Amino acid sequence: MKQLCKKCLLLEAGENAAFQTISDYLDTLDKALLVGNELYNKRLAFCKKCEYLISGMCRKCGCYVEIRAALKDKACPDYDSKKW
């Protein structure tokens with residue numbers, strides 16, 4: 001039986017439909033609300049190392065990290081040890 005990664009982003013965890021929904025949602029947002037690709041990738045790199053990540057979701061706040069990391073007005077929800 002193939003075991004899916006739990007400490008991964010949605011696409012890496014095999015959640016293609018959920019990832020596509022999130023990608024479509026981000027495409028509808030005003031680009032002024034979003035961080036650039038470089039910062040987005042840096043944020044996701046921190047999330048991928050975080051103990052609270054499970055299948056693309058943050059167990060600290062319940063968000064999909066691909067959305068939270070894309071938004072300028074959002075920060076890491078781990079108040080005890082903010083990563084970004």
Side-chain angles (χ1 to χ4, degrees):
M1 174 187 251
K2 181 181 174 186
Q3 184 177 6
L4 296 177
C5 178
K6 294 297 183 189
K7 195 168 174 154
C8 295
L9 302 176
L10 282 172
L11 190 59
E12 298 165 335
E15 300 290 338
N16 298 338
F19 177 79
Q20 189 59 52
T21 300
I22 286 172
S23 182
D24 291 345
Y25 167 71
L26 290 174
D27 286 343
T28 67
L29 296 178
D30 184 336
K31 300 304 177 213
L33 301 174
L34 304 176
V35 299
N37 283 336
E38 186 176 342
L39 182 55
Y40 178 68
N41 289 326
K42 282 183 181 181
R43 289 178 171 189
L44 289 180
F46 281 114
C47 291
K48 285 181 68 170
K49 296 176 189 172
C50 183
E51 65 185 274
Y52 296 109
L53 178 66
I54 185 165
S55 297
M57 290 186 73
C58 174
R59 290 184 293 146
K60 197 75 168 176
C61 71
C63 74
Y64 284 110
V65 298
E66 283 95 342
I67 293 175
R68 188 176 197 94
L71 298 171
K72 283 183 181 177
D73 67 341
K74 299 296 182 192
C76 173
D78 187 356
Y79 295 107
D80 298 325
S81 179
K82 284 196 180 292
K83 309 292 189 279
W84 47 270

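Model, not experiment: these values are computed from the prediction.
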* Does the side chain of Asp80 reach to within under 4.5 Å of the side chain of Lys60, using non-hydrogen atoms? -> yes
* Asked: Got a second to check how far Lys72's NZ is from Asp30's CG, nearest 0.5 Å?
  -> 9.0 Å
* With distance as the sole test, does Lys83 use its side chain to make a donor-acceptor pair with the main-chain N or O of Cys47 at under 3.5 Å? -> no
* To do: State, to 0.1 Å, how close Ala69 and Val35 come at their nearest heavy-atom pair, and which atoms those are.
  => O-CG2, 3.5 Å
* Kindly work out whether a path of hydrophobic side-chain contacts (I/L/V/M/F/W/Y, heavy atoms less than 4.5 Å apart) joins Met57 to Ile67. => yes
* Any donor-acceptor pair under 3.5 Å linking the side chain of Tyr40 with the backbone of Glu66? -> yes
* To do: Work out which heavy atom in Leu44 is nearest to a heavy atom in Val65; give both atom names and the distance.
  => CD2-O, 3.8 Å
* Asked: Can you check whether Pro77 reaches Arg68 side chain to side chain, under 4.5 Å on heavy atoms?
  -> yes
* **ILVMFWY network linking Leu33 to Ile22, side-chain heavy atoms under 4.5 angstrom** => no
* Asked: If you draw a 6.0 Å radius around NZ in Lys42, do more than 12 non-hydrogen atoms from other residues or ligands fall strictly inside?
  -> no
* Asked: Does the Arg43 side chain pair with the main chain of Cys76, one donor and one acceptor, at a distance under 3.5 Å?
  -> no
* Asked: To the nearest 0.5 Å, how far apart are CG in Leu26 and OG1 in Thr28?
  -> 7.5 Å
* **Close side-chain approach of Asp24 to Gln20, heavy-atom, < 4.5 Å** => yes
* Asked: Are Leu53 and Phe46 joined in one hydrophobic group, where the rule is that I, L, V, M, F, W and Y side chains link up if heavy atoms are under 4.5 Å apart?
  -> no
* Asked: In terms of hydrophobic clustering (I, L, V, M, F, W, Y; side-chain heavy atoms under 4.5 Å; direct or indirect links), are Tyr25 and Tyr64 co-clustered?
  -> yes
